[in-house]
Every structure is written in structure tokens, then in C-alpha cells.
Amino acid sequence: MRSNIKLGRISGIEIGLHYSWFVIAALIAFSLGQHFRQINPSWSASEIWITAIVTAGLFFVTLLLHELAHSLVAQKRGLKVTGITLFALGGVSQIQDDATDAKTEFWVAIAGPIASVVIGLGCLGIALGLGWRRSTDPQNVVTAVLVWLGYINISLAVFNLIPAFPLDGGRVLRSIVWAITKNQVRSTRIAARIGEIVAFLFIIDGIWKYLSGAGIGGLWIAFIGWFLLDAARASYSQVKKTGTVVRDMRVSQLMSRGCVAVDRGMSLRELVDTYLLKTSQRCFAVTDRGRVVGVITRTDVGAIPRELWSTTTVRAAMHPLQEMPTVTPNTSVLDAMKLVLRSHVNQLLVMDNGVLEGIIFRSQMVGLLRTSFGSNSSGVERTLQQSRGNVAEGNA
């Protein structure tokens with residue numbers, strides 16, 4: 001859902017409207033006009049319609065605040081947010097990155113309903129302070145606007161907490177299941193299935209109400225159900241597709257290229273001063289007359305006492321090539337991860353016909369697998385065992 005009309009930016013987030021917003025804005029303003037005429041028949045037509053239009057505008061401001069709560073929490077948790085779009089069914093935050101853990105998913109999802117509840121209770125509290133009494137209709141414009149905004153925002157929070165993925169409630173449910181199962185794909189499947197059931201109930205209820213004489217209100221409920229059903233299926237399909245992509249991913253797509261080569265006769269002091277302090281490189285290829293003979297890492301250097309760096313050569317501290325497990329650029333990432341677990345190493349050399357093409361690190365593979373299959377190392381290992389057979393035990 002992309003914006004057709006740009007309104008500006010808040011905290012770097014582009015705010016905009018979809019063309020369909022004008023339809024729902026007009027319907028809400030018309031509905032509010034009828035509502036205010038019913039509770040305050042003594043108001044003039046101009047009072048009714050000005051109040052209805054202002055209230056409708058303020059409602060969309062509160063809806064924007066609901067979405068901003070999602071977006072700002074997402075930014076705080078390190079996710080990229082490009083925009084917020086208001087459209088016919090409400091608003092949507094365009095969060096480009098998926099949550100990498102259940103806690104982030106939970107707080108991003110729950111932030112919107114919390115904001116709506118705070119706004120709703122705040123509006124009702126101000127109305128009470130201005131003399132409005134519960135169970136009575138507000139008699140002046142200000143309290144009428146505040147009471148309607150209060151109740152609608154609380155209703156919005158309750159509706160969004162329905163466990164129908166991808167509503168906020170469905171995402172909260174997914175985060176809870178994710179925290180329990182440590183598996184993002186499985187939690188998405190469970191939340192999406194529940195979301196489909198809720199969506200079907202919406203569709204059935206809407207059709208029943210339409211046939212019972214509810215008119216367009218029944219069709220609107222059925223349409224919301226259809227939207228939720230389509231969104232739940234699309235969301236699960238995307239996550240499932242991501243898992244498939246990871247299973248098909250090759251080492252060449254993830255490895256670090258351009259490995260820095262150092263001579264085996266260099267002292268560790270020279271290595272530290274020339275490379276370690278000036279680059280972020282974690283691993284170095286050790287060469288002898290242009291031929292790769294081993295690998296040395298920052299950890300290897302750190303294992304040697306500092307006072308011995310000047311007298312210790314790279315050759316003495318390196319891992320000889322024949323002792324290093326290797327993979328080819330065409331090796332699958334999952335097979336490479338199996339080798340890492342089995343060999344208890346932190347990196348693999350990527351060799352092609354005897355030439356060092358790059359290095360793939362355990363942290364790179366675990367980060368990718370966590371994002372796609374689970375949120376901790378044990379979840380990653382279980383996934384590898386289930387999808388690839390026997391994997392030697394190891395701590396990823």
C-alpha cells in the first residue's frame with residue numbers, strides 16, 4: 001500500500017494518503033453527521049457538519065498516531081521504516097525489515113494498541129473533566145468530539161488486538177508463539193491459520209448480517225474479513241518463501257570476498273599495527289610466495305601474550321590450510337553450517353580449484369538462519385537436524 005499523496009515526514013518517516021482514503025473519510029464524516037444529529041437534534045446543520053468534519057479529521061490524526069507508535073518503536077528496535085500510508089481500511093506502517101526476534105515483534109505490534117488506549121482514555125478523561133457524565137449524551141461540541149474519539153480509539157485498540165494475523169493482535173500472538181517455539185516460520189504458520197479462521201468468521205458474519213437486512217454494514221464486515229484472509233495468506237506465503245530461499249542459498253551469496261593476504265614471515269606486532277588497528281577485517285589469508293598456506297584471525301593474535309608479538313611470526317600463530325575445513329562457492333549455506341557445527345570452527349575457507357575466493361563466518365550463517373528459522377542457536381540446530389539429517393552437536 002503506497003502513498004499517492006505525500007503529506008510530509010515525521011522522524012524521517014514519509015506520511016501519505018492512498019486515493020482510497022478519500023472514500024472512507026467521506027463515509028466517516030457522513031456517518032458522524034448522522035450520529036451528531038441523532039444525539040443533538042437541537043444543533044444547526046452547520047454545527048453538525050462542521051463538528052462531523054473536524055471529528056473525522058481528528059480521528060485520522062489519532063489513527064496516524066497509532067501507526068507512528070508502531071513505526072517509532074520499530075526504529076528504536078533497529079528496523080527501517082520508510083513510510084506510513086492512510087487508506088480505506090485504516091493505516092499501514094511500511095516497515096522494510098522483519099523483526100529478528102520475538103521481543104521486537106511483540107513491542108512493535110503492541111505499541112499501536114497501547115497508543116490508541118492512551119488516546120481513548122485521555123479523550124474520555126478530558127470530557128469527564130469538562131462536565132460530561134457517563135451514560136449520558138454529550139451536549140456541547142467539544143465533549144461530543146472527545147467522547148466519540150475516546151470510544152472509537154478504545155474500540156480500535158480492541159479490534160486490532162483480535163488474534164487475526166496480520167492485525168496487531170495476530171502479530172502479538174505470533175511473537176508469543178515465536179518466543180515459545182523459537183521458530184519464526186512455525187509461529188507465522190500458526191498465527192496465519194488462526195487469522196484465516198477469524199477472517200472466515202468475519203466473512204460469514206458479514207454475509208449473514210447483510211442477508212438479515214443490515215445492508216452495507218454487513219458487506220463492509222465481510223469485506224474486512226476478505227481483506228484479513230488475503231493478508232494472512234500473503235504474509236505466511238512470504239515467510240515460507242524466505243525459508244525456501246535460504247535453503248537454496250549458496251555460500252557464494254553470503255561469503256566475505258577480498259580476503260586480505262599477509263606474508264607468513266610477518267611478526268604479529270607488524271600484523272596488528274598494519275592491519276588489525278586500521279581495518280575491521282576479522283580473518284587474514286597467510287601466504288608463502290603468493291600461495292595460500294593458512295589463515296590467522298584476531299582471536300589467534302589475542303591468544304598470544306602481547307609481549308611476544310614482536311618475536312612471534314604469523315606462521316607460528318596461524319591455522320595451516322590443511323587443518324582448515326573448506327567449502328566451495330557452490331556449497332549450500334545449510335551444508336556449510338553443518339560443517340561449522342561438526343568442526344567447531346568460526347569460519348570456513350571458500351576455495352575454488354585451489355584458489356581462495358573468500359571466507360564465510362559462522363556469525364553470518366547463524367544470523368541468516370536465525371532470521372529465517374528461529375531466534376536462538378538451539379533453534380537453528382534443530383532446523384538443521386530436521387532439514388538435512390544428522391548434524392554433529394555443536395554450539396552455534
Student: Counting only heavy atoms not in Q38, do more than 12 sit closer than 6.0 Å to its CD atom?
Tutor: no

Student: Any chance CH2 of W49 has more than 12 other-residue heavy atoms, nucleotides or ligands included, within less than 6.0 Å?
Tutor: yes

Student: For a side chain to side chain contact (heavy atoms under 4.5 Å, CB included) check, start with the C-alpha distance between L124 and R134, then their side-chain angles and the critical distance, and finish with the verdict.
Tutor: CA-CA 9 Å; L124 293 177; R134 284 178 296 180; over 6 Å; no

Student: Quick check: do Y275 and V301 have side-chain heavy atoms less than 4.5 Å from each other?
Tutor: no

Student: To the nearest 0.5 Å, what is the distance between CD1 (I95) and OG1 (T104)?
Tutor: 10.5 Å

Student: For the residue pair L86 and F60, what are the closest heavy atoms and their distance?
Tutor: CD1-O, 4.1 Å

Student: Can you hop from V142 to I39 via hydrophobic side chains spaced under 4.5 Å?
Tutor: no

Student: Got a second to check how far L64's CG is from L68's CG, nearest 0.5 Å?
Tutor: 4.5 Å

Student: Please tell me if the side chains of I119 and L149 come closer than 4.5 Å, counting only heavy atoms from C-beta onward.
Tutor: no

Student: Please report the closest heavy-atom contact between K278 and D273, naming both atoms and the distance.
Tutor: CE-O, 3.4 Å

Student: For V295 and V286, run side chain to side chain contact (heavy atoms under 4.5 Å, CB included): C-alpha distance rounded to whole Å, both residues' side-chain angles, the deciding distance at 0.1 Å, then the answer.
Tutor: CA-CA 5 Å; V295 170; V286 181; 5.7 Å; no

Student: Answer yes if L161 and L201 sit in the same cluster of Ile, Leu, Val, Met, Phe, Trp and Tyr residues linked by side chain heavy atoms under 4.5 Å apart, and no otherwise.
Tutor: no

Student: What distance do L130 atom CG and N140 atom CG have between them, rounded to the nearest 0.5 Å?
Tutor: 7.0 Å

Student: First locate atom CG of D335, then atom OG1 of T328, and finally report the distance between them rounded to the nearest 0.5 Å.
Tutor: 9.5 Å

Student: Main chain of I48, side chain of R37: is a donor-acceptor contact present, judged purely on distance under 3.5 Å?
Tutor: no

Student: So which atom in W226 and which in I203 form the shortest heavy-atom distance, rounded to 0.1 Å?
Tutor: N-CG1, 3.6 Å

Student: Side-chain heavy atoms nearer than 4.5 Å, only ILVMFWY residues, links allowed to pass through others: does that put W132 and L58 together?
Tutor: no

Student: For the pair Q253 (side chain) and R250 (backbone), establish whether a donor and an acceptor sit closer than 3.5 Å, ignoring hydrogens and angles.
Tutor: yes

Student: So V314 and F284, do their side chains get closer than 4.5 Å, heavy atoms only?
Tutor: no

Student: Between F106 and V172, which heavy-atom pair has the shortest distance, and what is it?
Tutor: CE1-CG1, 3.8 Å

Student: Quick one about R174 and S187 (side-chain donor to acceptor, distance below 3.5 Å, no hydrogens or angles considered), yes or no?
Tutor: no

Student: Side-chain donor-acceptor pair under 3.5 Å between H66 and N153, yes or no?
Tutor: no

Student: Is it the case that more than 12 heavy atoms not belonging to F159 sit under 6.0 Å from its CZ atom?
Tutor: yes

Student: For R269, is the CZ atom crowded, meaning more than 12 foreign heavy atoms sit under 6.0 Å from it?
Tutor: yes

Student: Tell me whether L229 shares a hydrophobic cluster with I204, the cluster being built from Ile, Leu, Val, Met, Phe, Trp, Tyr side chains joined at under 4.5 Å.
Tutor: no

Student: Are L277 and V272 packed together at the side-chain level, in the sense that at least one heavy-atom pair is separated by less than 4.5 angstrom?
Tutor: yes

Student: Do I359 and L348 touch side chain to side chain, with heavy atoms closer than 4.5 Å?
Tutor: no

Student: Compare all side-chain heavy atoms of I15 with those of I10 and state whether any distance is below 4.5 angstrom.
Tutor: yes

Student: What heavy-atom pair brings D300 and A317 nearest, and what distance separates the two atoms?
Tutor: CB-O, 3.8 Å

Student: Go through it in stages, so that I can follow the logic: the residues are D288 and R315, the test is side chain to side chain contact (heavy atoms under 4.5 Å, CB included), and I'd like the CA-CA distance, side-chain angles, deciding distance and then a yes or no.
Tutor: CA-CA 9 Å; D288 179 20; R315 178 183 180 182; over 6 Å; no

Student: Mind checking whether S116 and N160 have side chains closer than 4.5 Å, heavy atoms only?
Tutor: no

Student: Mind checking the CD-OG1 spacing from E357 to T326? Nearest 0.5 Å is all I need.
Tutor: 12.5 Å

Student: Look up atom CG in L173 and atom CD1 in I162, then write down how far apart they are to the nearest 0.5 Å.
Tutor: 13.0 Å

Student: Should we say atom NZ of K76 is surrounded by more than 12 heavy atoms from elsewhere, each under 6.0 Å from it?
Tutor: no

Student: Under 4.5 Å between any side-chain heavy atoms of W178 and K103, yes or no?
Tutor: no

Student: Taking the six-membered ring for Trp and the full ring for Phe, Tyr or His, determine whether the centres of W148 and F59 are under 6.0 Å apart.
Tutor: yes

Student: Please determine whether residues V198 and W208 belong to a single hydrophobic cluster, defined as Ile, Leu, Val, Met, Phe, Trp and Tyr linked transitively by side-chain heavy-atom distances below 4.5 Å.
Tutor: no

Student: Closer than 3.5 angstrom, by distance alone: can the side chain of Q75 be matched with the main-chain N or O of S11 as a donor-acceptor pair?
Tutor: yes

Student: Minimum heavy-atom separation for M318 and P320, please, with both atom names.
Tutor: O-CD, 3.6 Å

Student: Show, in sequence, the C-alpha distance, side-chain angles and deciding distance for I197 and R193, and conclude whether the side chain to side chain contact (heavy atoms under 4.5 Å, CB included) test is met.
Tutor: CA-CA 6 Å; I197 294 172; R193 291 291 177 261; 5.7 Å; no

